[in-house]
Protein chains: 4
Amino acid sequence: MSPKKVNKEERRREVALACFDLIHDVGMKNITVAQVAKSAGIGKGTVYEYFENKEDIIFEIINVHIEYHHKMFLEKIKDVKSTKEKVFHFFDFVMNETEENIRHFNGYREYLSIVLAEENESMCNFNTSCTEFFQNQLKEIIEEGINNEELLPIARNFVDGIMLFEKGVVLMKMTQTSFDAKFSCEKFLNNIFEVIEKKQ
Amino acid sequence: MSPKKVNKEERRREVALACFDLIHDVGMKNITVAQVAKSAGIGKGTVYEYFENKEDIIFEIINVHIEYHHKMFLEKIKDVKSTKEKVFHFFDFVMNETEENIRHFNGYREYLSIVLAEENESMCNFNTSCTEFFQNQLKEIIEEGINNEELLPIARNFVDGIMLFEKGVVLMKMTQTSFDAKFSCEKFLNNIFEVIEKKQ
Amino acid sequence: MSPKKVNKEERRREVALACFDLIHDVGMKNITVAQVAKSAGIGKGTVYEYFENKEDIIFEIINVHIEYHHKMFLEKIKDVKSTKEKVFHFFDFVMNETEENIRHFNGYREYLSIVLAEENESMCNFNTSCTEFFQNQLKEIIEEGINNEELLPIARNFVDGIMLFEKGVVLMKMTQTSFDAKFSCEKFLNNIFEVIEKKQ
Amino acid sequence: MSPKKVNKEERRREVALACFDLIHDVGMKNITVAQVAKSAGIGKGTVYEYFENKEDIIFEIINVHIEYHHKMFLEKIKDVKSTKEKVFHFFDFVMNETEENIRHFNGYREYLSIVLAEENESMCNFNTSCTEFFQNQLKEIIEEGINNEELLPIARNFVDGIMLFEKGVVLMKMTQTSFDAKFSCEKFLNNIFEVIEKKQ
DNA sequence: GATGAATGAGTTTTCATTCAT
DNA sequence: CATGAATGAAAACTCATTCAT
């Protein structure tokens with residue numbers, strides 16, 4: 001909490017941000033400390049002033065990366081009115097094929113690869129909290145929909161199912177080149193909403 | 001003169017099998033060729049008589065591993081009578097907590113890590129075919145269930161959903177330490193069967 | 001001189017001959033014993049029945065190669081009548097741009113590379129005898145020319161010079177891509193013959 | 001803050017120089033990076049701070065080696081007055097039997113071996129420029145001789161011949177143990193000067 | 001604080017040669 | 001005689017981390 005620590009935290013972010021293009025070019029696991037230093041315009045030794053080790057650097061990069069996308073998620077969902085749209089927005093991660101989202105998706109794929117290798121405990125923990133974040137978001141969306149009388153109370157039972165379905169789509173999209181995520185999601189969501197939407 | 005020709009395919013399997021414990025101890029990506037050679041009780045150079053390179057070794061190990069489990073899957077499902085049981089069996093991979101299955105599950109986790117890193121094309125292709133194998137198995141189970149009049153024809157619409165749900169459970173179980181796969185699956189499957197099962 | 005030895009000598013030649021294309025494809029220094037065995041259609045171990053070691057193989061290949069070209073040289077020079085033509089023929093090695101001669105020239109380049117590396121004493125010795133062979137050929141050609149009264153007796157003084165000039169052209173052609181061997185040789189030889197040719 | 005930046009070019013030279021004895025002992029192609037590091041009194045990794053790869057090391061060693069001898073050539077020729085002496089000096093490389101020149105000559109032999117193996121493009125190019133350097137030096141010497149009225153204008157026609165003769169002597173000396181370079185050169189040069197020298 | 005030069009452990013891969021059959 | 005399976009020494013190269021300045 002001392003001013004120094006704040007500064008350190010800031011510097012970590014700066015370095016992480018400076019690595020965005022680098023990550024894209026060479027991949028998360030292939031970056032070297034030398035490249036990080038160069039990208040950030042600092043000395044190799046200086047990197048170690050702010051980071052414990054290389055893992056710590058990758059962790060920070062992912063942190064910044066994902067926090068940004070969480071923020072974007074909240075940002076975008078704010079302006080969305082109907083619950084159905086919000087839930088569809090929840091699937092944006094796997095359905096949106098914009099350049100930006102593809103980059104983000106690929107970044108998450110690399111991240112997941114590291115997590116599955118169980119190479120980094122803090123990254124595993126962070127992944128847990130990310131999942132929980134989105135799980136809670138979905139829960140809130142659904143609850144709000146019930147409160148708004150857009151959804152039937154039964155919708156509550158489907159929160160986990162929807163979330164797990166989305167995870168499955170993530171995995172399929174990451175591993176199966178011919179998988180049509182958009183088609184699967186739309187079919188699934190429309191079916192679900194048949195059941196949970198309150199009819200006037 | 002003497003027919004000393006060795007069956008390469010068989011030797012590959014033997015070496016791969018000899019690495020099972022090794023894999024468990026150090027992880028798939030961390031094995032060294034030296035360790036493989038030692039585990040198989042052969043020289044380092046001999047390893048290269050049977051494998052192109054280190055990736056090829058890992059690939060063979062995974063192949064043997066997964067083929068075994070495919071065979072086991074078919075074996076076990078043969079004796080199962082009801083369609084519901086068969087579908088539950090389809091979820092055995094994520095629900096079964098026996099020592100053996102946990103090892104298999106962890107093997108697949110490591111494998112997935114490599115696939116997600118997109119480091120090895122042949123492994124990506126192999127993963128694709130694995131997914132297709134199980135997808136087809138599920139399709140057959142459901143079709144059979146419909147033919148047997150155990151399931152309603154509407155069940156066909158749920159094949160993809162079930163498969164994606166399972167994938168989602170796989171991913172959650174791999175990344176979320178506190179996730180209760182068994183509970184989620186049972187709830188989901190019971191709900192599904194409420195809808196697709198033919199009532200007498 | 002026992003029949004076995006003769007047989008062995010023959011087998012060596014056979015193996016060497018079988019390697020001609022191989023040499024061309026991968027280069028003299030890069031051939032492996034395994035490739036030699038395969039090219040010759042025999043087992044790797046059998047190669048060692050006929051050759052001491054890898055160097056011995058290369059040596060035999062070069063031997064066969066060069067002997068063949070010595071034979072060709074003698075063959076072709078037989079039909080040549082005038083001394084001037086014979087001397088020009090002596091320069092065929094560096095002036096002839098037929099596919100076949102280019103292959104031969106490149107073979108000799110590789111061979112020289114090994115000799116210069118002083119890696120193989122027997123090859124050095126063999127090279128010495130090759131040089132002597134051609135030096136003697138030139139000497140004979142010139143002597144014959146003097147006897148035939150085509151050349152002046154002074155021509156004897158130029159034998160070494162011509163031979164060394166040819167060596168120089170060999171080296172230049174091997175190392176300088178833009179060197180025009182034909183042009184240099186023709187100019188040189190025409191100048192020389194101005195001086196040594198007997199005018200009627 | 002402190003300017004610890006190291007002069008890479010200088011360090012390359014230092015390492016190269018430190019390898020002179022090593023080269024002599026084991027040969028240019030047989031040195032290992034480990035040996036280079038040890039000879040230079042640095043770590044193996046440090047070698048790679050200054051050199052791209054092993055070839056780069058060898059190249060630098062040759063560069064330093066040859067540059068030094070070019071410099072010596074120019075140095076020595078400066079003090080030589082008569083054109084004849086200068087041309088004899090041009091043949092110093094093959095005639096001089098001092099310890100130092102023998103080492104230099106052997107170094108060049110090894111170098112040529114690499115060039116002839118066509119293993120290294122930059123070394124081939126460098127060799128081309130070396131040849132051109134000496135060719136130009138000879139041209140200048142001859143032109144100067146003509147200007148000084150020491151040589152007849154006809155001398156111009158002999159530049160290429162002299163150069164190629166020297167190359168031939170180089171090759172002979174490198175491959176024929178019993179070859180008397182000094183004798184051949186002296187005979188040749190005296191004959192040539194009979195023709196090109198201006199008589200008073 | 002900042003730096004970047006120095007480091008060396010650790011890994012993959014090749015291939016001539018041997019020798020049991 | 002012939003074979004080819006087995007071998008292991010040997011070598012290049014990478015890169016996270018340290019620490020003197």
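In the text below, chain A, chain B and the rest are named by the order of the sequence lines, each starting its count at 1. Everything numeric here is computed off the predicted structure, so don't read it as measured data. Note: hydrogens, waters and symmetry copies are ignored here, and every other heavy atom, side chains too, is used.
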Without swapping roles, check the side chain of K8(D) against the backbone of E49(D) for a donor-acceptor pair under 3.5 Å.
yes

Name the closest nucleotide to the E49(A) side chain, picking from dT3(E), dA16(F), dA16(E).
dT3(E)

Can you identify which nucleotide, out of dT12(E), dA2(E), dT18(E), has its nearest atom closest to the K44(B) side chain?
dT12(E)

Helical stems, DNA chain E - three or more consecutive Watson-Crick or G-U wobble pairs below 3.5 Å
E:2-21 with F:2-21

Can you list, pair by pair, the side-chain donor-acceptor contacts under 3.5 Å of residues 56-64 of chain D, counting residues two or more places apart and other chains?
| from | atom 1 | to | atom 2 | distance (Å) |
| --- | --- | --- | --- | --- |
| D56(D) | OD1 | R12(D) | NH2 | 3.0 |
| D56(D) | OD2 | R12(D) | NH1 | 2.9 |
| D56(D) | OD2 | E52(D) | N | 2.9 |
| E60(D) | OE1 | R12(D) | NE | 3.1 |
| E60(D) | OE1 | R12(D) | NH2 | 3.0 |

Presence of Y48(A) side-chain N/O under 4.0 Å of dG4(E) phosphate oxygens OP1/OP2:
no

Just N and O in the side chain of R11(B): are any of them under 4.0 Å from OP1 or OP2 of dA6(F)?
yes

Is [X] touching bases, backbone alone, or none of the nucleic acid, heavy atoms closer than 4.0 Å?
| X | answer |
| --- | --- |
| Y50(C) | sugar-phosphate |
| T46(B) | base |
| G45(C) | base |

With a 4.0 Å cut-off, would you call E67(A) and R13(A) a salt bridge?
yes

When the aromatic ring centroids of H65(A) and F20(A) are compared, is their separation below 6.0 Å?
yes

